[in-house]
Amino acid sequence: MGRDPRLLVCGATYHVMNRGNRKSPIFEDDRDRRRFLRLLVETKDTYGVDMLAGCQMGNHFHAVVNTPNGNLSDFMEQWQGRFAKYSNWRHDRVGHLFQDRFRVVAIEHDIHLLIALCYVFLNPVSAGLVTKPEDYRWSTYAATIGLAPLPRYLSIDWLLSLFPDEDLKAAQR
């Protein structure tokens, strides 16, 4: 019996995540992490998805994305599939890289968005990898708050919707 299709809405925001098969690492080194981001840029441009936040851990990743075209499943299939193909080729493996299909939580309102963003940004702190989220290299937190250059793939327009009375610099603070 097949799985129920996901309810995908144009303009919706989602917290998506996936873990390595059998909780194995999906990123072996920085080269894998850079390829993952390069594929993100290509895939988000193709599907018109906005990346609001992201964090790469060793055996899983988190992303908060907005889908103006309601095509989250197509976007994730391409992004994860292309990375899995690359990873299997590079590390001379076969089979599944990811444990299952991606997990998704629809963001229903601004407070929910803020909670999801905090969860994503604090993941490396909770894992004991850093003491401050801005110190974790493979998260978008430092760029979001203005401590690092803004990567091409990241949209921080949501800051102005969460803090409407502020300019961008004040919202970042």
Side-chain angles (χ1 to χ4, degrees), residues 6-21 23-28 30 32-87 96-127 129-130 133-134 136-145 148-159 161-162 172:
R6 298 182 193 266
L7 178 61
L8 302 174
V9 178
C10 293
T13 300
Y14 302 96
H15 174 193
V16 295
M17 65 221 80
N18 211 341
R19 179 177 310 282
N21 199 17
K23 297 183 180 181
S24 297
I26 57 176
F27 307 109
E28 302 284 336
D30 288 356
D32 284 353
R33 292 174 185 276
R34 286 190 301 271
R35 177 58 66 101
F36 189 73
L37 292 175
R38 194 169 321 122
L39 293 171
L40 165 64
V41 169
E42 293 169 9
T43 308
K44 77 169 245 19
D45 288 349
T46 300
Y47 289 90
V49 170
D50 296 320
M51 177 76 154
L52 309 184
C55 186
Q56 299 175 26
M57 302 297 285
N59 70 348
H60 68 283
F61 72 89
H62 295 270
V64 178
V65 298
N66 180 272
T67 57
N69 302 313
N71 54 356
L72 179 67
S73 290
D74 295 337
F75 163 72
M76 291 298 293
E77 178 184 355
Q78 282 298 308
W79 183 24
Q80 292 185 141
R82 292 178 67 200
F83 182 73
K85 184 182 274 189
Y86 156 81
S87 182
H96 295 280
L97 176 64
F98 295 104
Q99 180 173 300
D100 202 353
R101 68 181 187 162
F102 67 95
R103 291 182 27 213
V104 60
V105 176
I107 306 295
E108 298 177 9
H109 47 74
D110 286 349
I111 298 299
H112 193 182
L113 174 61
L114 195 55
I115 291 167
L117 292 164
C118 287
Y119 181 83
V120 170
F121 291 146
L122 291 172
N123 216 263
V125 175
S126 298
L129 300 174
V130 293
E134 60 267 27
Y136 191 66
R137 180 177 174 193
W138 300 105
S139 166
T140 60
Y141 182 73
T144 298
I145 65 169
L150 193 66
R152 175 171 117 55
Y153 62 85
L154 187 63
S155 170
I156 59 171
D157 294 341
W158 57 267
L159 280 168
S161 65
L162 285 181
Q172 286 177 303

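We count residues from 1, following the sequence as given. We use all heavy atoms of the structure for the numbers below, so side chains are in, but hydrogens, waters and symmetry mates are not.
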Give the ring-plane orientation class for Phe36 versus Phe83, where under 30° counts as parallel, over 60° as perpendicular and anything between as tilted.
perpendicular
Exercise for the section: Give me the ring orientation class for His62 and His15: parallel if the planes are under 30° apart, tilted from 30 to 60°, perpendicular past 60°. Expected result: tilted
Decide side-chain contact (heavy atoms from CB on, under 4.5 Å) for Phe121 and Thr140; before the verdict, give the C-alpha distance in whole Å, the side-chain angles of both, and the deciding distance to 0.1 Å. CA-CA 8 Å; Phe121 291 146; Thr140 60; 3.4 Å; yes
Are [X] and [Y] packed together at the side-chain level, in the sense that at least one heavy-atom pair is separated by less than 4.5 angstrom?
X      : Y      : value
Thr46  : Gln78  : no
Ser87  : Ile26  : no
Ile156 : Gln172 : yes
Arg33  : Arg137 : no
Tyr14  : Val9   : yes
Val120 : Tyr141 : no

Give, for atom [atom1] of [X] and atom [atom2] of [Y], the distance between the pair rounded to the nearest 0.5 Å.
X      : Y      : atom1 : atom2 : value
Asn59  : Asn18  : CG    : CG    : 10.5 Å
Leu154 : Thr144 : CG    : OG1   : 5.0 Å
Leu40  : Arg152 : CG    : CZ    : 9.5 Å
Tyr136 : Leu129 : OH    : CG    : 5.5 Å
Ser155 : Asn66  : OG    : CG    : 8.0 Å
Leu72  : Cys10  : CG    : SG    : 11.5 Å

Taking every heavy atom of Asp110 against every heavy atom of Ser161, the minimum-distance pair comes out as OD2-O, 4.2 Å
Between Ala84 and Leu97 the two heavy atoms that sit nearest each other are CA-CD2, 3.7 Å
Practice task
For Tyr119, look at atom OH and say whether over 12 heavy atoms of other residues, nucleotides or ligands are found less than 6.0 Å away.
Solution key: no
Flag if over 12 foreign heavy atoms under 6.0 Å of NE2, His96
no
Under 3.5 Å, is there a donor-acceptor pair between the side chain of [X] and the main chain of [Y]?
X     : Y      : result
Asn71 : Tyr47  : yes
Asn69 : Val49  : no
Ser24 : Gly20  : no
Gln56 : Ser139 : no

Which of Arg82, Glu77, Met76 passes side chain to side chain contact (heavy atoms under 4.5 Å, CB included) with Gln80? Answer is Met76
The residue among Trp79, Phe102, Trp138 that forms ring pair (Phe, Tyr, Trp, His ring centres under 6.0 Å) with Phe61 is Trp79
Query raised in the report: Does the side-chain contact (heavy atoms from CB on, under 4.5 Å) test come out yes or no for Leu117 and Trp158, once each step is laid out?
Result: CA-CA 11 Å; Leu117 292 164; Trp158 57 267; 3.3 Å; yes
Practice prompt. Could you please spell out the steps behind the side-chain contact (heavy atoms from CB on, under 4.5 Å) verdict for His112 and Val105?
Written response: CA-CA 10 Å; His112 193 182; Val105 176; 3.9 Å; yes
